[in-house]
Structure formats: structure tokens, C-alpha cells
2 protein chains.
Amino acid sequence: MAFQSELEVFRKFLKNQGMRYTPEREAIIKEIFSIHDHFDVDGLYISMRRKGLRVSKASIYRLIPLLIEANLIAEVFFDKGQTYYEHIYGHEHHCHLRCKECNKIEEFSDPRLKDLEKELSERFGYKILTHKLQVIGICSKCQAKEDSA
Amino acid sequence: MAFQSELEVFRKFLKNQGMRYTPEREAIIKEIFSIHDHFDVDGLYISMRRKGLRVSKASIYRLIPLLIEANLIAEVFFDKGQTYYEHIYGHEHHCHLRCKECNKIEEFSDPRLKDLEKELSERFGYKILTHKLQVIGICSKCQAKEDSA
DNA sequence: AAAGAAATTGTAACTCAGTATCAATAAGCC
DNA sequence: GGCTTATTGATACTGAGTTACAATTTCTTT
Ligand SMILES: [Zn+2]
Ligand SMILES: [Zn+2]
Ligand SMILES: [Zn+2]
Ligand SMILES: [Zn+2]
């Protein structure tokens, strides 16, 4: 099957669920898929307002679980009261290495995690859906800062 | 060096920081280290009240970051507005396999994660502190429920 | 052991992400 | 177009976690 845009995928998802496609949902999704980075609700709302796109925060909060359900985005991590998301549709699954000091993030993927998933599935009888690996460390810049301090 | 109790470790930590050892802190720590499972602030508070141990929630909230700083406990995961913690002092590092439906948790550890940490450290120049791997799936009981539904 | 400086406590007020309510509006189907 | 029903935005609410502050307690110094 040909590659479908996020919007196409989502329209089909909505139809399947007897839900409606609205201009507000379209605006939010377009905004989300124009950001090629991790994002949070507040940042999204602010950048939409700046562009004169007026949707309520409630609509954003209401849309996010649908986009997750439709496998278009996923929660990445929760930090200091903020939940961050990222695109997953059309992206390779990857994990995150985060600097504890400056929150800089590196992405990586590793085939061993798939093997591990398989072994866990056999060992515990779970059907594995996904995994989230967060590696926490200190980036080279922050290490330098610490040494000189 | 001989094994030190959590209390001993924490008393030393407090002294180092110019902080004080109080009966409230002692009561909370004793309660935390009597629970051999993942715990959250609310559950801790309720079980202390049941035993007639009267400390305020604010004191619990104030103590937890100190216990984390002292490497006695760590945040495990955040789910539905609740933050869960577990002991780490004197425990092997492990990861979690969680059922998306019933939240049942299995613990496991895998030496490949240490290798991965080392490789990431070299590749990105980070000093690695720790990792948190959460595998999400459906446990066998919940699979059975889904099939019969 | 008493005094004094400084940290800690509990209470209550507050913050802020996320949710629920509801009347007005709009999408989708005939 | 007209009808049914989902969605919207405004607003009120919830609940975890934080903060301010006066009263209390720890710990050090003598
Ligand atoms: Zn850094
Ligand atoms: Zn990412
Ligand atoms: Zn289950
Ligand atoms: Zn655990």
C-alpha cells in the first residue's frame, strides 16, 4: 500500500470510530506534524496562537489520546510536570539518552531490545506491545562545567 | 565496609548536608523500608495513618527527593497521575515489564543493558548514570480476557 | 545543661496539568 | 435542507505536588 499522510490515516481512524473530522483537529494535527521534535501541549498551544490559529487547550488535550490510539504519536517522557510526545508514524522506533543537567536528548536504536522483548514474551507469557528505554547521564558539555566548578 | 542500614546511610547523608535527623523523617523512612514493593506517597501516608503514625503529607513530599539524592530510592514510573518509587539501596538494578490492562508488573534484569550503556557513553560522550527500561505488554490473563470478549 | 542559630514541622493557601460539564455549534448522513 | 449526534470553547473543577509562615525542635556552642 502507498504511504498515507498522517491526515489520511487519522481521517480513516476517525471514520472507523464514528468520530468527526473538524477544522480544529486538522489545524492541531498539521501543527503537530510540522514540528520535527519532541513536543508538549503548552508549547504546541503557544506556537499555534502565535500563528493566529485559535483552538482551545481542551481540544488539544482531547485530541492527543486519539492520536496515540491511532499510533501516530506516543508519549516519550514525563519531566517536571510536563508530558512530552513525538511522532511515531513513519518513524523508526528509537530510545532516548538524556542529560540530567541540561535535558539535551540523543536518540538511538538498538536491535538487542527486540531480542529482549522476544525473550520476555516467552519467559512471562506477555504479548509485548512496545518498550521505552530512557538512559540518563551527563553530556560532555555539562561534564566540563562540573569539572571546572 | 560492613553493610549499613538505610537509616545509617541517611543519617550520614543528612549530616553531610547540614540537615537534621527528626522523628518524622525516621518514621517515614522506617515505613518506606518496611514496604517491599513499589509505593506511592498516598499509599504510604494512608498506611502510616492506619498505624497511628502521624506525619504530614508535606513531610513525605519533602523527604522523597532527599532519599533519591541519597540513592536509597528511585522513581520507577509515572502512571495515571501517580508517581511510584522503589528501594534501590541494597537491591540489584532491574527493569519493569508492565501489563497495559491490569498494571501487573514483572521485574527482570539483563546484562546487555550494561553493554549498551557503555557503547552509548563512547558514542555520545555522556557519563552514564542509570537507565530506565519499561516494557509494555498484555499479561496472559488479560490476553485470555480479550480473546473471550 | 542552657542558650541561640538554623532547620523542620504542620497547616493552609496556592499552582498548574489535566478533566468534566454544558450550552452553542457544526459535521455527516439522509 | 433537515436531523442526529459529536465537537467545541468557556468555565469550573480535581488532585498531585509546592510554598509560606508561625510554632517547634534539633544541634552546636559554651
Ligand atoms: Zn548537559
Ligand atoms: Zn525521540
Ligand atoms: Zn494484565
Ligand atoms: Zn521494581
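The structure displayed is predicted, hence computed values, not measured ones. Per chain, numbering begins at 1; letters A, B, ... match sequence-line order.
In this structure, CD1 of I60(A) is placed 18 Å from P of dA20(C), rounded to the nearest angstrom. Taking atom CZ of R20(B) as the reference point, atom C1' of dT24(D) lies 11 Å away to the nearest angstrom. The interatomic distance linking Y21(A) (OH) with dA26(C) (P) rounds to 17 Å, in whole Å. Note: CZ (R25(B)) to P (dG10(C)) measures 11 Å, nearest angstrom. Distance Y84(B) OH to dA16(D) C1': 12 Å, rounded to the nearest Å. One atom, CD of E24(B), and another, P of dA7(C), lie 17 Å apart when rounded to the nearest Å. In this entry the distance linking CG of D79(B) with C1' of dG15(D) reads 15 Å, nearest Å. dA5(C) atom C1' lies 17 Å from atom CE of M19(B), rounded to whole Å.
In this model, the phosphate group of dT8(D) is not approached by any side-chain N or O of S56(A) to a distance below 4.0 Å at OP1 or OP2. Within the structure, a side-chain polar atom (N or O) of S59(B) is placed less than 4.0 Å from OP1 or OP2 of dG10(C). Within the structure, a side-chain polar atom (N or O) of Y61(B) is placed less than 4.0 Å from OP1 or OP2 of dG17(D). T83(A) has a side-chain polar atom (N or O) that falls below the 4.0 Å cut-off from OP1 or OP2 of dG18(C).
Sequence order on DNA chain D of the closest nucleotides to Q82(B) and L66(A) puts L66(A) first from the 5' end. Two residues, V41(B) and P23(B), neighbour DNA chain D, and the one matched to the more 5' nucleotide by heavy-atom proximity is V41(B). Positionally, the nearest nucleotide of DNA chain C for L14(B) lies more toward the 5' end than for the other of L14(B) and A58(B). Of the residues near DNA chain C, K57(B) and G18(B), the one whose nearest nucleotide (by heavy atom distance) lies more toward the 5' end is G18(B).
Salt-bridge formation is not detected for the pair R112(A)/D110(B): no Lys NZ or Arg NE/NH1/NH2 atom is positioned less than 4.0 Å from an Asp or Glu carboxylate oxygen. A salt bridge does not link E8(B) with K12(B): none of the charged nitrogens is closer than 4.0 Å to a carboxylate oxygen. Looking at E24(B) and R62(B), no side-chain N of the basic residue comes within less than 4.0 Å of a carboxylate O on the acidic one, giving no salt bridge.
Within the 4.0 angstrom heavy-atom criterion, no nucleotide atom of any strand lies near K80(B).
A donor and an acceptor atom sit less than 3.5 Å apart, one in the side chain of R62(A) and one in the base of dG9(D).
Side-chain atoms of T22(A) lie closest to dT7(D) of the nucleotides dA16(D), dT26(D), dT7(D).
Here Y89(B) and F3(B) bring their ring centres to under 6.0 angstrom of each other.
Between H131(B) and H93(B), the ring-plane angle classifies as perpendicular under the 30° and 60° cut-offs.
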